[in-house]
Novice: 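The structure that follows is given in the form of structure tokens.
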Amino acid sequence: MSLPPIQSNSSLQDSAPLKHKHLSKPHLSSPISSSLSMGSESDIERILFTESDIAKRVSDLATEISSDLRFSADAVVFVGVATGAFLFIADLVRRIHAPITVDFIRAESYGSGTESCGDVRISCDLKVDVTGKHVVLVEDIVDTGKTLSHLISYLEKKGVSSVSVCAFLDKPSRRKVEVKLVGSGKFYSGFECPDYFVVGYGMDYAELYRNLPYVGILKPEMYTK
Ligand code: 5GP
Ligand code: MG
């Protein structure tokens, strides 16, 4: 999927473009109390994917997945990775025309502060029994691949028939771990994302910005000051 042209946030017409792409990522688990003045749309440098870009792409993904599931005899389990995938999975599943069940899993990783170290912990487990089921793991963004790899191994140990991945965004340039699917699983991805720290459409910084209907690049000064 090719990247749409980068659009300026209409409220930020005068903002200068980012000069350095490879700024270190912010601390993903920064305390909410340190961000009382944050969380507004003016903190967004540029919009990468608009609401209509997203709606169109999610609809196309749902069509593709529905088509792939049409011969599946059993209900497929869509597992959203909380919290970041909550909007994506909600938009996706309402367009899937096949019997499915929906559940959530929560994974947390601890690292140096600039990226996941791979020490991933499942902090909220599934309710649905996935043994012998086909699972579609729905994730907001694949970065190093460590979180997804851990979740896939976890599901494999539960005896799933297959694991597919449906990632809203993919940053292949940042991959450190190959994401290995299970059985007949497929990898679906919404958009390829350039190496910026992005927020919106479920994705946060310090638990803020998840409610933005678009995906934008967070101004680096929001996490470097
Ligand atoms: P991983 O490095 O394990 O592939 O990604 C771990 C998690 O970090 C992702 O599931 C996502 O929640 C978060 N993450 C990675 N890149 C970004 C980003 O650009 N923005 C936001 N908000 N979260 C990110
Ligand atoms: Mg995530």
Side-chain angles (χ1 to χ4, degrees), residues 3 6 18 20-30 32 35 38-39 41 43-49 54 78-92 103-124 126 136-155 163 165-181 187-220 222-224:
L3 196 66
I6 291 177
L18 283 178
H20 303 290
K21 215 171 121 163
H22 297 283
L23 289 160
S24 62
K25 273 170 61 180
H27 200 304
L28 298 181
S29 56
S30 298
I32 299 169
S35 52
M38 297 166 52
E41 295 197 50
D43 302 341
I44 304 302
E45 179 79 48
R46 278 183 283 167
I47 295 174
L48 277 179
F49 305 107
I54 293 169
F78 279 65
V79 174
V81 184
T83 307
F86 81 108
L87 287 182
F88 179 41
I89 194 170
D91 286 345
L92 186 71
D103 203 352
F104 284 91
I105 195 164
R106 182 180 295 277
E108 287 168 42
S109 59
Y110 301 92
S112 64
T114 57
E115 68 177 43
S116 156
C117 68
D119 181 11
V120 182
R121 185 176 71 97
I122 311 283
S123 57
C124 185
L126 297 167
V136 180
L137 204 44
V138 181
E139 174 65 302
D140 52 359
I141 183 165
V142 194
D143 187 37
T144 63
K146 290 173 181 173
T147 303
L148 262 187
S149 293
H150 184 89
L151 287 170
I152 292 169
S153 307
Y154 183 74
L155 291 169
V163 180
V165 165
C166 185
F168 174 61
L169 298 180
D170 186 13
K171 285 182 181 169
S173 64
R174 299 253 319 156
R175 198 75 87 251
K176 295 208 169 133
V177 174
E178 188 194 348
V179 176
K180 289 191 188 133
L181 304 170
F187 187 88
Y188 306 90
S189 117
F191 299 102
E192 188 169 315
C193 185
D195 188 11
Y196 293 108
F197 190 80
V198 296
V199 294
Y201 196 60
M203 290 170 285
D204 75 310
Y205 172 59
E207 296 299 331
L208 294 165
Y209 310 103
R210 293 192 195 276
N211 57 318
L212 298 180
Y214 53 80
V215 173
I217 300 169
L218 188 62
K219 284 181 178 170
M222 302 316 297
Y223 50 83
T224 51

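Counting starts at 1 for both ligands and their atoms, in listed order.
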Novice: Quick one, Ile44 and Tyr214 - any side-chain contact, counting heavy atoms below 4.5 Å?
Specialist: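 With C-beta onward as the side chain, the pair touches.
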Novice: Quick one, Val81 with Ile89, criterion side-chain contact (heavy atoms from CB on, under 4.5 Å). Give me CA distance, side-chain angles, the key distance, then yes/no.
Specialist: CA-CA 9 Å; Val81 184; Ile89 194 170; over 6 Å; no
Novice: Is the closest N or O pair between Val198 and ligand 1 shorter than 3.5 Å?
Specialist: yes
Novice: Hey, is ligand 1 close enough to Val142 that some N/O pair sits below 3.5 Å?
Specialist: no
Novice: Go through the steps for Arg175 and Glu178 under the test salt bridge (Lys or Arg N to Asp or Glu O under 4.0 Å), then give the verdict.
Specialist: CA-CA 7 Å; Arg175 198 75 87 251; Glu178 188 194 348; over 6 Å; no
Novice: Need the ligand 1 atom indices (1-based, order shown) with element for anything under 4.0 Å from a heavy-atom of Asp204.
Specialist: 21 (C), 22 (N)
Novice: Counting from 1, what ligand 1 atoms have a heavy atom of Lys171 closer than 4.0 Å?
Specialist: 16 (N), 17 (C), 18 (C), 19 (O)
Novice: For ligand 1, which atoms, with element, lie under 4.0 Å from some heavy atom of Glu139?
Specialist: 10 (O)
Novice: What I'd like to find out is whether the side chain of Leu126 reaches to under 4.5 Å of the side chain of Leu155, using heavy atoms alone.
Specialist: yes
Novice: How about Thr83 and Asp204: do any of their side-chain heavy atoms sit closer than 4.5 Å?
Specialist: no
Novice: Before giving the answer on side-chain contact (heavy atoms from CB on, under 4.5 Å), spell out for Met222 and Phe197 the whole-Å C-alpha distance, their side-chain angles and the decisive distance to 0.1 Å.
Specialist: CA-CA 11 Å; Met222 302 316 297; Phe197 190 80; over 6 Å; no
Novice: How far apart are the closest heavy atoms of Ala167 and Phe88, and which atoms are they?
Specialist: C-CE2, 3.9 Å
Novice: Around the Mg ion (ligand 2), how many protein N, O or S atoms are closer than 2.8 Å?
Specialist: 2
Novice: Out of all atoms in ligand 1, which are within 4.0 Å of some heavy atom of Asp140? Include the element for each.
Specialist: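 Per the distance check, 9 (C), 10 (O), 11 (C), 12 (O).
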Novice: Relative to the heavy atoms of Tyr196, which atoms of ligand 1 are at a distance of less than 4.0 Å?
Specialist: 19 (O)
Novice: Test Tyr196 against Lys171 for side-chain contact (heavy atoms from CB on, under 4.5 Å), laying out the working first.
Specialist: CA-CA 9 Å; Tyr196 293 108; Lys171 285 182 181 169; 6.0 Å; no
Novice: Just do the side-chain contact (heavy atoms from CB on, under 4.5 Å) check on Tyr188 and Leu92 with the steps written out, would you?
Specialist: CA-CA 12 Å; Tyr188 306 90; Leu92 186 71; over 6 Å; no
Novice: Could you check if a side-chain atom of Ile152 sits within less than 4.5 angstrom of a side-chain atom of Lys180, using non-hydrogen atoms only?
Specialist: no
Novice: Examine the proximity of ligand 1 to Leu148 and report which part, side chain or backbone, both or neither, has a heavy atom under 4.0 Å away.
Specialist: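 It is neither; nothing of Leu148 touches ligand 1.
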Novice: With a cut-off of 4.0 Å, which atoms of ligand 1 are near a heavy atom of Thr144?
Specialist: 1 (P), 2 (O), 3 (O), 4 (O)
Novice: Distance under 4.0 Å to a non-hydrogen atom of Thr147: what atoms of ligand 1 satisfy this?
Specialist: 1 (P), 3 (O), 5 (O), 6 (C)
Novice: Mind checking whether Gly145 has a heavy atom under 4.0 Å from ligand 1?
Specialist: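 Checking ligand 1 against Gly145, which is what was asked, there is a heavy-atom contact under 4.0 Å.
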Novice: Tell me whether the rings of Phe191 and Phe49 are parallel (<30°), tilted (30 to 60°) or perpendicular (>60°).
Specialist: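 Answer is parallel, since the angle falls under 30°.
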Novice: Using distance alone, decide if ligand 1 has a nitrogen or oxygen within less than 3.5 Å of any nitrogen or oxygen in Tyr205.
Specialist: no
Novice: With no hydrogens and no angle check, do the side chains of Tyr205 and Asp43 hold a donor and an acceptor under 3.5 Å apart?
Specialist: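 No, no side-chain donor-acceptor pair sits under 3.5 Å.
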